[in-house]
Protein chains: 2
Amino acid sequence: MPPDLPAHETGSAAIARQLGTSIIRGVHAPGSTLPGELDLAIQFGASRNLVREAIKTLAGKGLVLSRKKAGTRVRPRADWQMLDPDLLGWRLQAGPEFDFATNLLALREAIEPAAAAAAARHQDRAAIDAVREAFERMVAAGTDRARFAEPDLQFHKAILAASGNEFMMAFGGMIEAALAAFIGISLRHSEAPGPSIPMHGTVLDAIAAADPEAASAAMLALLARTRTNIEKDATR
Amino acid sequence: MPPDLPAHETGSAAIARQLGTSIIRGVHAPGSTLPGELDLAIQFGASRNLVREAIKTLAGKGLVLSRKKAGTRVRPRADWQMLDPDLLGWRLQAGPEFDFATNLLALREAIEPAAAAAAARHQDRAAIDAVREAFERMVAAGTDRARFAEPDLQFHKAILAASGNEFMMAFGGMIEAALAAFIGISLRHSEAPGPSIPMHGTVLDAIAAADPEAASAAMLALLARTRTNIEKDATR
DNA sequence: GCTTGATTTTATGTCCGACATAATCGATTA
DNA sequence: TAATCGATTATGTCGGACATAAAATCAAGC
């Protein structure tokens, strides 16, 4: 049985996580061949079948490719499914990366304003209620950073969900995986969240008012503030 | 050995694809429990190990969750990793879906202008050369739709790659999976591609000129034209 | 010494049966 | 009616075996 087993993580999931993290860290470089299945089984103290299941998981995320006799090869980084929440989590577990936060923010700046605009057009009442509920919990959290982070994340996820676009909704899982790892880091450095709350309210109001342009602009302004905070953190 | 085995598709990959497609089609509804591993092995004429490998692949893409005794349950649609290229391909294989094309286009309208702007800022010469090369192949294809589609896709992928943002690059695989399935369908209906070529050239010129706003606007205009074509197709 | 074809080796692909165990279900008891 | 207990069951994990595609090696011919 592999060690270090979080709740409900099966043996093959643990091996996939450890192998995935090793690949991301460069322990196994793109183009290189992983140790054979039997060697990996010995290394992880598991059966060859568990290793194979783990490798299938990594293959499904674009990290590796197996061929008879040829072995299991690490694919070029461009083939990795960077949007996969598991892979994202492994990247964050592997350690800080140059430009990770700014690249993620650039993606968010592209998608979340569009999602806010789509939500303003879509007018799904229940979904907008969920945005409002998250906003109210942010207000209730006040300047308590630890209590603020979770409703903040829910706020953004709720807007993605309210867009009515399943592709935009999918970013919720990705952003959640990324921010979950960031929370522990950024809570120490970020300023108090209080001042950004009204900006969140502006986004909500624009969505509720069915004003796509205002919703998009408000979300862009909010994320610009996040960018300022990230850049400020980077210079400390 | 499972039947219907495309080149280089292993048995477990074939089972994953067939099971994934069944789930997407609603044959196995979210919340329901899949047949047991032994039953699936009989159904697919394969070993229990192959079925388990396939299920691990699906689990890694958010489609299912297995627990001892409880069985393998289909997760809510919101948990599916909609951005996964394999899942995207299975969705397209499962059959036409309401709003698929317009949702994908809305996502592209959010990301590709941002990628074009980022490419204009990033100024990676080799990457811009790849954009130019794809553009020249589009020009060479002229009004031959069949020859046009592939360089058109490469053009968009090259811009995503030129952005320098790994998350934006990741859309290349996704768009490729989506458009690969669309090509067979849309080639019959789309107008000749010739008139859009200059618009592609405008995007390239703006990127080469290091003009992010012009690049973004040009890409948005190009995608607006795609939207017009999709809406035209929808009314036939 | 190089090229080509044959042979051998090897690592994955697939299978089968077995055992462990977590979770579900039904019966019993308080 | 609720809690407990035992049986059942489906997944989790293991080990060994065989098939086979592909890589490596070897031999023959030029």
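Residue numbers begin at 1 in each chain, while the letters A, B, ... track the order of the sequences. All values below were derived from every heavy atom in this structure, side-chain atoms included, with hydrogens, water molecules and symmetry-related copies excluded.
The side-chain hydrogen bond (donor to acceptor under 3.5 Å, both in side chains) check on Arg147(A) picks up nothing, with sequence neighbours excluded.
For Leu34(A) against His28(A), the heavy-atom pair with the smallest separation is CD2-CG, 3.4 Å. Between Asn103(B) and Asn165(A) the shortest heavy-atom distance is O-ND2, 2.9 Å.
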Write out a two-atom table: protein N or O, nucleotide N or O from nucleotides 6-10 of chain C, distance below 3.5 Å.
{"residue": "dT10(C)", "atom": "O4'", "partner": "Lys69(A)", "partner atom": "NZ", "Å": "3.4"}

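Between Arg52(B) and the phosphate of dT11(D), there is no side-chain N or O to OP1/OP2 separation shorter than 4.0 Å. Between Thr72(A) and dA11(C) there is no side-chain polar atom (N or O) within less than 4.0 angstrom of OP1 or OP2. OP1 and OP2 of dC14(D) both lie 4.0 Å or more from every side-chain N or O belonging to Arg48(A).
At whole-Å resolution of the value, CG in Leu34(B) and C1' in dA10(D) are 13 Å apart. When the P atom of dA17(D) is taken as reference, atom CG of Asn49(A) falls 14 Å away, rounded to whole Å. Counting to the nearest Å, the P atom of dT14(C) and the CD atom of Glu37(A) are 11 Å from each other. At whole-Å resolution of the value, CD in Glu53(B) and P in dT11(D) are 16 Å apart.
Take the nearest nucleotide of DNA chain C for Arg67(A) and for Lys68(B): the residue whose nucleotide is more 5' is Arg67(A).
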Exercise answer: donor-acceptor pairs, residues 151-158 of chain A side-chain atoms, under 3.5 Å, sequence neighbours excluded:
{"residue": "Asp152(A)", "atom": "OD1", "partner": "His156(A)", "partner atom": "NE2", "Å": "3.2"}
{"residue": "Asp152(A)", "atom": "OD1", "partner": "His200(A)", "partner atom": "NE2", "Å": "3.2"}
{"residue": "Gln154(A)", "atom": "NE2", "partner": "Glu150(A)", "partner atom": "OE2", "Å": "3.1"}
{"residue": "His156(A)", "atom": "ND1", "partner": "Arg108(A)", "partner atom": "NH2", "Å": "3.4"}
{"residue": "His156(A)", "atom": "ND1", "partner": "Glu112(A)", "partner atom": "OE1", "Å": "2.7"}
{"residue": "Lys157(A)", "atom": "NZ", "partner": "Glu176(A)", "partner atom": "OE1", "Å": "2.6"}

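Here the nucleotide nearest the side chain of Thr10(B), chosen from dC14(D), dA22(D), dT14(C), is dT14(C).
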